[in-house]
Amino acid sequence: MKAKRRTVLKSALLAGAAILSALLIDVASLGGLKDISKPYLGTYECEEIFLGGEDRSGVFEYLRIELSDGGKMMLYYREKSGKKGEAEGKYTYDREAKTITLYTDFMGRELKRSFPLEGGEIDISARYGGKTLVMKFVRK
């Protein structure tokens, strides 16, 4: 009786393995895990901020960008004076160019800027008030 049960169990396992292998998709054609997942999603903390060459990191308790699925971006900040704020925007990520394009609404106009995003870091460089604004955000 035990031998019969083992034979049935082995047959069931073998049949299951055969069916599973027949149904499996060629995993190599899917690319790597990074192609399937979205490794750029998450929260990025500003570690450096310079305006016109002057370090402005001391102005903020925190300055964060949150990238969510579906192209939604949120910016959160809190100044050391206690003032808090947030802003909503959109983004797209170009895997080939390793860039993120941010879309924000400023005074009724949509602004669009692209920046490098690689290795969990977003490096932002833009003109602001006649000066160069440089920020480095790191994924946490």
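Values below: all heavy atoms of this structure, side chains included; hydrogens, waters and symmetry mates excluded.
Following chains of ILVMFWY side-chain contacts shorter than 4.5 Å, one cannot reach Y103 starting from I100, and the two form parts of different hydrophobic clusters. Linking ILVMFWY side-chain heavy atoms closer than 4.5 Å, directly or via other members, places Y62 and M74 in a single hydrophobic cluster. Residues Y77 and L67 share a hydrophobic cluster, clusters being chains of Ile/Leu/Val/Met/Phe/Trp/Tyr side chains in contact below 4.5 Å. Tracing side-chain contacts under 4.5 Å through hydrophobic residues (I, L, V, M, F, W, Y), one reaches L117 starting from L133; they form part of the same cluster. Cluster annotation: M135 is not connected to F50 through the hydrophobic network of ILVMFWY side chains, with a link wherever side-chain heavy atoms come within less than 4.5 Å.
Between E54 and R56 there is a salt bridge, since at least one side-chain N of the basic residue sits less than 4.0 Å from a carboxylate O of the acidic one. Under the 4.0 Å criterion applied to side-chain N and carboxylate O atoms, E45 and K140 are not assigned as salt-bridge partners.
The structure places CG of L75 at 9.5 Å from OG1 of T104, a figure rounded to the nearest 0.5 Å. One distance of note links OG1 of T99 with CD of E118; it measures 10.5 Å at 0.5 Å rounding. Atom-to-atom distance recorded for Y93:OH and L102:CG is 13.0 Å, nearest 0.5 angstrom. Rounding to the nearest 0.5 angstrom, the gap separating the CZ atom in F137 from the CZ atom in F115 is 9.5 Å. In this structure, NZ in K80 is found 11.0 Å from CZ in F60, a value given to the nearest 0.5 Å.
Judged by distance alone, the side chain of Y128 and the main-chain N or O of G52 form no donor-acceptor pair under 3.5 Å.
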message = Working note: K72 + K90, criterion side-chain contact (heavy atoms from CB on, under 4.5 Å); need CA distance, chi angles, decisive distance, verdict.
response = CA-CA 5 Å; K72 181 180 176 186; K90 297 177 185 175; over 6 Å; no

key: Steps toward salt bridge (charged side-chain N to carboxylate O under 4.0 Å, His left out) verdict (K136, E47)   = CA-CA 6 Å; K136 180 179 187 174; E47 291 192 345; 5.6 Å; no

request  = Decide yes or no on side-chain contact (heavy atoms from CB on, under 4.5 Å) for I49 and L63, but give the supporting numbers first.
outcome  = CA-CA 10 Å; I49 181 168; L63 180 58; 4.1 Å; yes

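With no hydrogens or angles considered, no side-chain donor-acceptor pair links T43 and R139 at under 3.5 Å.
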